[in-house]
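Keep in mind the model is a prediction, meaning the values are calculated, not measured. The sequence lines fix the lettering, A, B, ..., with proteins before strands; numbering per chain opens at 1.
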Protein chains: 2
Amino acid sequence: MTAHAEQIATTFGALLLRTNRAHLYDRLTAGVDGVDGTTYPVLSGLARTGPATASRLAELIGLDRTVTTRYATRLQKAGLVARAADADDARATRLSLTPEGRRAVQAMRAALGAIVADALSTSEPEEVEVFARVLQRLLDALAPGA
Amino acid sequence: MTAHAEQIATTFGALLLRTNRAHLYDRLTAGVDGVDGTTYPVLSGLARTGPATASRLAELIGLDRTVTTRYATRLQKAGLVARAADADDARATRLSLTPEGRRAVQAMRAALGAIVADALSTSEPEEVEVFARVLQRLLDALAPGA
DNA sequence: TATTGTTATACTCTATAACTATA
DNA sequence: TATAGTTATAGAGTATAACAATA
């Protein structure tokens, strides 16, 4: 058990190396116009949470308010995100996905799903099921906020 | 199966968010003097590969040669890394861990192991075993180089 | 001519500070 | 006075360019 924890820790460490993460992001956003590794979290966060203010979205994805709003502007220029006045609070601006933005998210999700599915194609379905469950627990323990 | 791939992909995406990765690195290097989130890959890479030149180490950890040598200098100043002339090639410099560097790596490995062990404490040993196996496969598929 | 280590330089990502408008 | 959005500015992290020494 401890031996497994050590091995898992090592594998995890390798997986978290900047180069691997960057490479994966590149693969995900390669075919999608207007999104890159930096704006990806903003777009996918918006998809997860639905229409939200920049402040709330920033909290969700763990980025600063100022960065979030700037990336949102980039995505808006690319036609993937829309801004609208908040009816309840004149200070606030609601960010939302455009239909094109939704399509982009869909495409990236499918790409990631395909990569994972391919990577797990040699594993038994029962193993995959266990893996999914334990991975979720690991995330909960490692990133309590998310 | 496809459903699991989707779920795994989503969890994975969350895990790779910059904020989570940075937070984990901070936890790992918190108690260790002279190491931070940026120099960590250099130190742990050196532990994995043993004494190596900056160029070779850079390849291993997916960083640029110039960055690797600069971080190595930082670690050297902290007393964790040593430089020595290469006997076979006068151009080359061999980087290695000092005893203190080895202790630092040991401490960080133990910390990561403890975090993972804790995160998996609610899972059955058989589940953990499966998880370790599938995770390794996933890494192999995602990061062929590592 | 190619490669090693290194430094100088520039670019990108992210955060802090500051400004405006509204609560 | 506090908060939302935004812009200006500064700080890290990283890569590209350039240099000296050796192969």
Side-chain angles (χ1 to χ4, degrees), chain A residues 16-26 29 34-46 49 51-77 81-96, chain B residues 16-26 28-29 34-46 49 51-78 81-96:
Chain A
L16 286 177
L17 282 179
R18 204 202 69 87
T19 179
N20 288 335
R21 179 168 137 273
H23 183 237
L24 182 60
Y25 274 160
D26 284 348
T29 58
V35 193
D36 58 27
T38 62
T39 50
Y40 170 75
V42 173
L43 203 68
S44 82
L46 210 45
T49 191
T53 65
S55 296
R56 218 186 97 49
L57 181 58
E59 239 173 85
L60 181 78
I61 61 180
L63 271 181
D64 193 83
R65 238 167 71 208
T66 69
V67 178
T68 304
T69 195
R70 195 173 318 112
Y71 289 175
T73 301
R74 269 202 231 164
L75 293 167
Q76 185 179 13
K77 278 174 183 164
V81 159
R83 276 186 164 90
D86 190 311
D88 301 330
D89 188 336
R91 295 171 303 182
T93 302
R94 288 177 81 68
L95 300 170
S96 64
Chain B
L16 288 177
L17 281 178
R18 203 201 68 89
T19 178
N20 289 334
R21 179 168 137 276
H23 182 238
L24 183 60
Y25 274 160
D26 284 349
L28 285 189
T29 59
V35 193
D36 58 27
T38 63
T39 50
Y40 170 75
V42 174
L43 202 69
S44 81
L46 208 45
T49 191
T53 65
S55 295
R56 218 188 97 48
L57 181 59
E59 237 172 88
L60 180 78
I61 60 180
L63 270 181
D64 193 83
R65 233 168 71 207
T66 67
V67 178
T68 303
T69 195
R70 196 172 317 112
Y71 289 176
T73 302
R74 269 202 232 164
L75 292 167
Q76 186 179 13
K77 278 175 184 164
V81 160
R83 277 186 164 91
D86 189 311
D88 301 330
D89 188 336
R91 295 171 303 178
T93 303
R94 289 178 81 67
L95 299 170
S96 63

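Within the structure, every side-chain polar atom (N or O) of A/T66 is placed at least 4.0 Å from both OP1 and OP2 of D/dG5. For A/R18 and D/dA15, the shortest distance from a side-chain N or O to OP1 or OP2 is below 4.0 Å.
The separation between A/Y25 atom OH and C/dT12 atom C1' is 16 Å, rounded to whole Å. Going from atom CG of A/D64 over to atom P of D/dA4 covers 13 Å, rounded to whole Å. Going from atom CG of A/L57 over to atom C1' of D/dA4 covers 14 Å, rounded to whole Å. In this structure, B/L63 places its CG atom 16 Å from C1' of C/dG5, rounding to the nearest Å.
Of the residues in residues 68-76 of chain B, those with a non-hydrogen atom less than 4.0 angstrom from any atom of DNA chain D are B/R70, B/Y71, B/R74. Of the residues in residues 87-94 of chain B, those with a non-hydrogen atom less than 4.0 angstrom from any atom of DNA chain D are B/D89, B/A90, B/R91.
Atom NE2 of B/H23 sits about 7.0 Å away from atom CG of B/D26, to the nearest 0.5 Å. Atom-to-atom distance recorded for A/L95:CG and A/Q76:CD is 8.0 Å, nearest 0.5 angstrom.
A donor-acceptor contact shorter than 3.5 Å is absent between the side chain of A/T69 and the backbone of A/T66. Side-chain N or O atoms of B/T49 include none that pairs as donor or acceptor with a backbone N or O of B/G45 at under 3.5 Å.
With D/dA18, C/dA15, D/dA4 as the candidates, the nucleotide lying closest to the side chain of B/R65 is D/dA18.
Applying the 6.0 Å contact sphere to CZ of B/R56 captures no more than 12 heavy atoms from other residues, nucleotides or ligands.
Put simply, the side chain of A/R74 does not reach to within 4.5 Å of the side chain of A/V42, judged on heavy atoms.
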